[in-house]
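Here's the structure, in structure tokens; my notes come after.
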Protein chains: 2
Amino acid sequence: MAAQQARSFSARQFSCEKCPLRPLKVFREFEKEELAFVSKFKKGELAVDKGATVLVEGNHSAHLYTVLSGWGFRYKLMSDGRRQILNYLMPGDLIGLQGSLMGEMQHSVEALSPLLLCMFERDQLHELYRNYPGLAYDITWIASREEQMLDENLLSVGRRTALERAAYLIAFIGSRAKTVGLNGKQAIEIPITQQHIADTLGLSLVHTNKTLRKLMDRELIIWRDGGCEILDVDGLMRLARWEGLSEVLRPLV
Amino acid sequence: MAAQQARSFSARQFSCEKCPLRPLKVFREFEKEELAFVSKFKKGELAVDKGATVLVEGNHSAHLYTVLSGWGFRYKLMSDGRRQILNYLMPGDLIGLQGSLMGEMQHSVEALSPLLLCMFERDQLHELYRNYPGLAYDITWIASREEQMLDENLLSVGRRTALERAAYLIAFIGSRAKTVGLNGKQAIEIPITQQHIADTLGLSLVHTNKTLRKLMDRELIIWRDGGCEILDVDGLMRLARWEGLSEVLRPLV
DNA sequence: CGACAAGTTGACGCACGTCAAGGCCGGTGG
DNA sequence: CCACCGGCCTTGACGTGCGTCAACTTGTCG
């Protein structure tokens, strides 16, 4: 429970025009004006330590963030401590939209690795909607994509067996990571503990461990020093009966 | 598996200005201009029979709908027939936003009762974003609310026991129904079968039945002729450790 | 050196799933 | 009119997937 709040704020080091993410081919091109506005919209960067909490359920956040680099996750807690991880966050993902729109966060966000965030001010969201309909559309698009991922996660937790669930989750994270170029040197390594997986799948830690072992025995993944490496994405997808991500151009705000 | 496609299209019978939903106090007031645009945006009404399929996973839908009256649900199927119900739809809810934004529907929608829908054309969504930022904001808001509901459902399926899950689900549906004035004569009756509940909770039909019996024995609900009536919402919420819906003004498109 | 976080493994129990049978009811056709 | 059927709910018996408990390992950091 070392829920540190370690953060550090800094002025921008990455200008939006030279955003390291934007060249990725998953992201759609922006108009010059849009880019200029986003650049103005951006108020700075926030560096968050691994394991630190970015946003807390119940709080009102004045900010909206985009992940510039690193991994994180969204989760909810029950009063007796049960935790459900809702989704993972990686570069290009938006954080805190719910809070910005509806006032109060209904989930928390924690960093899985050192996390670098672009910070935006909630108040300017209205200006964005007023003057940049294309960006507004993009934000809705992003919200809709999150919903789509949640749908699939819900299907998984509700209807897949433990083995299928684990296979799905790892294939899912791996696929997402790949689209944003997170493959270290060929293979993708996911900075996650088995406890995280358990809390995502709705399983106990022990049973998660035994399930992952089966995946390892089948040579679909290997687990090593606090992370997971995928050996055979297609095998995982077949096992989980999962079709994969739809490959479409995404907006990046 | 009588997945009929029974629908009937008709010109509008309800003008947006006299929308029976809008007077409800959960919905925020609209500007005159917004209302005028929505009215122009609306292309007619669609009546769907109970049990009929409104939208099918994998299809490209040219339309966007708002529920005017009746109940429905969103769900996903796996290739071997396992079904996961994702959420329920009631008056004021938007249908088909994912399809309109991202091209392809990733879930299906079915009517639980006779359903009356307002129909909008996807192509005009861009115009809406260009000229009515307030409405655009509202649509994002609605998408965000859906995400919030999914978060809670995921927590439920992942981390609550069968009894808690059932209690949560019924309290959740009942609360939502109440905010849109769906209480028949005092009590709320939910037009749903136990199979639906099972497919929502990620449980088997048999175990769902036994779980509901426990709720009945505790006098929290009663089950009758193809529906569920809530006796004690607070009791259900306490049992599920659920805080309830946040009570905020919603937009209605 | 101890302390702690993360992973591993076996033993055992329970909350679920599965199978099977039957009841109730409305609809349909003889 | 009854006979039959299919949808929905109900209940018991039994099996199993997963949870819980507990002990041990390994690596890391002080």
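So that the names make sense, note that chain A is the first sequence line, chain B the second, and so on, each numbered from 1. Only this structure's heavy atoms are used, side chains among them; waters, hydrogens and symmetry mates stay out.
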In whole Å, I'd like the distance from the [atom1] atom of [X] to the [atom2] atom of [N].
| X | N | atom1 | atom2 | value |
| --- | --- | --- | --- | --- |
| Ile197(B) | dT10(D) | CD1 | C1' | 15 Å |
| Leu112(B) | dC8(D) | CG | C1' | 15 Å |
| Gln194(B) | dC8(D) | CD | C1' | 8 Å |
| Lys214(A) | dT9(C) | NZ | P | 13 Å |
| Leu212(B) | dT10(D) | CG | P | 8 Å |
| Lys50(B) | dG7(D) | NZ | C1' | 11 Å |
| Arg213(B) | dC9(D) | CZ | P | 12 Å |

### Any donor-acceptor N/O pair, Asp49(B) side chain to Ala52(B) backbone, under 3.5 Å
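Absent.
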### Message
Applying side chain to side chain donor-acceptor pair (under 3.5 Å), can you list everything that pairs with Thr200(A), at least two apart in sequence or on another chain?
### Response
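Only Tyr88(A) meet the side chain to side chain donor-acceptor pair (under 3.5 Å) criterion with Thr200(A).
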#### Entry: Within 6.0 Å of CD in Gln195(B), more than 12 heavy atoms from elsewhere
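Yes, because the 6.0 Å sphere around CD of Gln195(B) holds more than 12 heavy atoms from other groups.
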### Task
Indicate whether any N or O donor in one side chain lies under 3.5 Å from an N or O acceptor in the other, for Gln98(B) and Asp151(A).
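Note: Gln98(B) and Asp151(A) side chains meet the donor-acceptor criterion.
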### Task
Kindly say if Asn209(A) contacts the phosphate of dG7(C), meaning a side-chain N or O under 4.0 Å from OP1 or OP2.
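Checking Asn209(A) against dG7(C): no side-chain N or O falls below 4.0 Å of OP1 or OP2.
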### Query
What does nucleotides 14-23 of chain C look like as a protein-contact string, B for base, S for sugar-phosphate only, - for none, at under 4.0 angstrom between heavy atoms?
--BSBB----
### Message
Could you walk me through whether His207(A) and Ser204(A) satisfy the side-chain hydrogen bond (donor to acceptor under 3.5 Å, both in side chains) test, starting with their C-alpha distance in whole Å, then the side-chain angles of each, then the deciding distance to 0.1 Å, before giving a yes or no?
### Response
CA-CA 5 Å; His207(A) 198 255; Ser204(A) 72; 5.6 Å; no
### Task
From the options Leu117(A), Leu116(A), Leu94(A), select the one residue that forms a side-chain contact (heavy atoms from CB on, under 4.5 Å) with Thr66(A).
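Result: among Leu117(A), Leu116(A), Leu94(A), Leu94(A) is the only option passing the side-chain contact (heavy atoms from CB on, under 4.5 Å) with Thr66(A).
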